[in-house]
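If you read the sequence from its start, that first residue is 1, and numbering goes on from there.
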Amino acid sequence: MQTALSNPQKRYLRGLAHDLKPLVMVGAKGVTAPVVAELELVLEQHELVKVKVAAEDRETRDAWIAELAEKSAATLVSRIGHTAILYRRSKDKPLVILPKG
């Protein structure tokens with residue numbers, strides 16, 4: 001279940017993600033089960049994650065990012081070039097407190 005974020009909430013999350021390093025990288029094989037499993041673990045621990053996608057074609061990159069967001073039930077906060085920011089609230093220990101939208 002993806003969270004609908006308002007523009008101020010997205011802006012806030014982009015600010016938090018600015019200094020983050022990509023924790024998940026999608027290689028030439030695309031979105032595979034191990035990549036999705038790793039993303040699930042990282043999202044549960046960090047809530048806000050940068051993902052680096054190694055596809056040269058823009059349409060392929062967009063499709064992979066959308067597939068990652070869908071399979072992990074995360075919300076796409078932003079995408080610039082090969083890097084996407086995904087957010088999903090942790091079930092056990094929420095870390096990020098979103099401003100009122």
Side-chain angles (χ1 to χ4, degrees):
M1 181 174 97
Q2 294 182 344
T3 307
L5 297 173
S6 67
N7 285 336
Q9 289 172 330
K10 286 183 180 181
R11 192 175 326 119
Y12 175 74
L13 290 173
R14 280 194 309 266
L16 290 178
H18 181 73
D19 292 329
L20 296 178
K21 301 284 184 212
L23 294 178
V24 177
M25 298 194 187
V26 180
K29 291 185 180 180
V31 179
T32 60
V35 171
V36 174
E38 183 65 25
L39 180 61
E40 290 281 339
L41 289 172
V42 172
L43 278 169
E44 189 57 37
Q45 290 176 344
H46 299 281
E47 293 184 330
L48 190 63
V49 177
K50 275 190 180 178
V51 178
K52 188 99 168 175
V53 180
E56 291 300 321
D57 182 25
R58 177 179 280 198
E59 288 79 27
T60 305
R61 216 171 30 235
D62 290 344
W64 286 358
I65 291 169
E67 186 178 351
L68 280 174
E70 180 183 328
K71 287 187 176 182
S72 65
T75 302
L76 177 64
V77 175
S78 175
R79 184 194 80 84
I80 297 175
H82 293 269
T83 305
I85 301 169
L86 297 176
Y87 169 76
R88 186 181 73 193
R89 186 174 174 90
S90 175
K91 296 173 187 90
D92 298 333
K93 296 182 253 178
L95 301 172
V96 177
I97 299 171
L98 292 175
K100 299 281 185 211

**OP:** State, yes or no, whether a side-chain contact exists between Y12 and V96 at a heavy-atom distance under 4.5 Å.
**Re:** yes

**OP:** Measure the shortest side-chain to side-chain distance between T83 and V51 over non-hydrogen atoms and say whether it is less than 4.5 angstrom.
**Re:** no

Subject >> From OH (Y87) to CD (Q9), nearest 0.5 Å >> reply: 8.0 Å

Original post:
Is there side-chain contact between I85 and I80, with heavy atoms separated by less than 4.5 Å?
Top reply: no

**OP:** Please name the pair of heavy atoms, one in P99 and one in P8, separated by the smallest distance, quoted to 0.1 Å.
**Re:** CG-O, 4.5 Å

**OP:** Over all heavy atoms of both residues, which pair between A54 and G27 is shortest? Give the atoms and the distance, please.
**Re:** CB-CA, 4.2 Å

**OP:** Report the residue from V31, V24, L76, V49 that forms a side-chain contact (heavy atoms from CB on, under 4.5 Å) with L68.
**Re:** V31

Original post:
Among all residues two or more places apart in sequence or in another chain, which pass the salt bridge (charged side-chain N to carboxylate O under 4.0 Å, His left out) test with R79?
Top reply: D62

**OP:** Hey, could you give me each pair passing side-chain hydrogen bond (donor to acceptor under 3.5 Å, both in side chains) that has a residue in residues 35-57? Not counting sequence neighbours.
**Re:** E40-R88, E44-S90, D57-T60

Subject >> Nearest-0.5 Å distance that lies between atom CG in L20 and atom CG in L48 >> reply: 5.5 Å

Original post:
Could you state the interatomic distance from CD (E67) to OG (S72), rounded to the nearest 0.5 Å?
Top reply: 10.5 Å

**OP:** With rounding to the nearest 0.5 Å, note down the distance linking CG in L5 to CG in L13.
**Re:** 6.0 Å

Original post:
For residues 13-28, which residue pairs qualify under side-chain hydrogen bond (donor to acceptor under 3.5 Å, both in side chains), counting only residues two or more places apart or in two chains?
Top reply: none

**OP:** Please round to the nearest 0.5 Å and tell me the distance separating atom CG of L39 and atom CG of L23.
**Re:** 10.0 Å

